[in-house]
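Worksheet: one structure, shown below.
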Amino acid sequence: MVRYAARRCLETVPTIFFVSVFVFALIRMAPGDPAAMKMGREAARPENKPKLEALRREMGLDKPIPVQYLYWIRDVVQGDFGESLRSKQPTLSLFLQKLPATLELVAGATLFALLIAFPLGIIAALHRGSLVDRAVMGFVSAGLAVPSFWLGLALILLFSVQLKWLPASGYVPFSEDPGGNLKRLLMPAVTLGVYLAATLMRFLRADMIEVMAADYVRTARAKGLRERVIIVRHALKNALIPVLTIAGLEIGALLGGAVIIEQVFGWSGVGWLTVQAIFDRDYPLVQTAVLFVAVGLTLMNLLVDLLYGFVNPRLRVQ
Amino acid sequence: MSATTATFDISRGAARRRFRLFSTVKADPILVAAILVVALAVACAVVPGWIAPSNPNALAPDSLLQGPSRSHPLGTDEFGRDILSRIVHGARVELVVAVLGVALALAIGVPIGVVSGYIGGFVDSLLMRIQDALLAFPSILFAILVVAAFGASQTSIILTVGVIFVPRFARLFRGSVLALKEADFVTASRAAGASDARLIVRHILPNCLGALLVQTTLAMAVAILIEAGLSYLGLGVQPPTATWGTMLKAAQSYAAQAPWYVLGPGFCIFILVLALNTIGDGLRDRLDPRLRGVGR
């Protein structure tokens, strides 16, 4: 297990290196001179030319691109992610301010997905071909195909415009107004969670069908165990591992989906911040946000793999 | 086994396959419906002018945001343009993005996967770490990087889809090559003196085609969802070009007064993605009998 864990940890180093190279290269390809953008309108004046040149040197823009990359990495490792061009604040603190809202949205979506996927996926597997099973399979197909923002708009039309039960959009921190926060969380979390719920249901159902046909379940039946005990203790426990791995890996898809959902519901999280930044051409902010999310997901995948290796010994040998 | 029995076996296999294809149509009407939906979308993309009832960009200031009527079956938008015609013309962008994006991903991903699996060692590790890095980006965030570098356009979306699916195809092919490399028929061919190139092209690749077909179909479905999402954010195809995503973005502002405007384009995305997913799953069930009926 130690060797497996060490190997997986080591593999993560080059992965993070390539992530940072992609982020750096694509942002560096953005049109415009970073120094001129940092100076703002002043940069266009001819008399400011020496000042602009000085700033370019200070930012290291006169050096070759690989050296610029190393400068950037050095700063990032020291916790200096640069300043936002628009608000002149450190991009890291802007990002961290918005992170709790996005994490709350993702957690809400995951909770919703788990709450409906588990009972329905298991019931569908135990009663294959029944009405419930068909309804579940219908939900799975629809959930995987529906554009999330369209579903969000439909929910707003129904629950905010028609029934006036829920506020259409906005975000208030939980600490300021717990009730208002949860009320506003409901629709975006459900919209975002539908895709994950469909994915989980699909795998849970398939795994349960497979496991219920396994020899050890037949043995448990032959021993005369009650069906409930067989399902929970023997079948579900074994069907759970792949399902939880998938849940872990789908967090990335959830974060991507959150970018769109935050826009639909005016939920001011990380995705909302990043989309604003791209419209403002605030490239340092885009760079920080994307780097943070991608590296975070890489570490998340590592964690999932380590946990998976822990529960599934077969994986460690390779 | 003599040559005659071998021929006999092959012809029987072919006959059985034809029979199965024919029975499919009768046994699986949903799959047939899905194929018809995709065919309709392709027709709209190729000859939109023959199918659309009117000009998709014709403005009509006297009939803004009208509900469905005989002259405008799906109503009109905020400039009085016919929504149905814009949907029909929008199909081209969806399919171009899906086909070119996935083709780009195949063109890069398949060679990477084959090389990685066949050569192994350091090259394999290096290539796979790059794929891991690409997989770490949620697709929409990677698209934002591409838009930062190249601006918001159809080309950027194709590029995004192309790059996002590279690791998925590369991993698929790497896995297949690793499994097939040691297969008896490949070893036999190598013993007979076949070159590496011949082994890959004649023996290994044809055996991956089934999985490739399935993944291509499913990837095209995701590509359409990505186009819709990006255009909705305003990071995709720019107005006035009609795409289903940009239509939805515009429709959002009028959702309360013109719900049919939101309904049309969204439903089309939904149905086309559903159809592609259904075809992908159907192909998988047929190509891999172990999965039949499990619905994974």
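For the numbers below, each heavy atom of this structure counts, side chains included, while hydrogens, waters and symmetry mates do not. Letters A, B, ... mirror the listed sequences (proteins, then strands); counts begin at 1.
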- Query: side-chain contact (heavy atoms from CB on, under 4.5 Å) with A/P147: which of B/F267, B/F270, B/Y232?
  - Reply: B/F270

Nearest-0.5 Å distance, [atom1] of residue [X] to [atom2] of residue [Y]:
X      : Y      : atom1 : atom2 : result
A/F17  : B/I130 : CZ    : CD1   : 9.0 Å
A/Y195 : B/L225 : OH    : CG    : 7.5 Å
B/Q252 : A/L157 : CD    : CG    : 9.5 Å
A/I278 : B/L235 : CD1   : CG    : 6.5 Å
A/T274 : B/L233 : OG1   : CG    : 10.5 Å
B/F137 : A/L291 : CZ    : CG    : 7.5 Å

Are [X] and [Y] side-chain neighbours, meaning at least one heavy-atom pair lies under 4.5 Å?
X      : Y      : result
A/S141 : B/N277 : no
B/I269 : A/W150 : no
B/P138 : A/V293 : yes

- Task: Heavy-atom pairs under 4.5 Å with chain B are the metric here; pick the option from A/T298, A/N301, A/L153 that has the most.
- Result: A/L153

- Task: For chain B, find which of A/I16, A/L297, A/L254, A/L151 contributes the most heavy-atom pairs closer than 4.5 angstrom.
- Result: A/L297

- Select, from B/L141, B/L134, B/L145, B/D132, the one with the greatest count of heavy-atom pairs under 4.5 Å involving chain A. B/L145

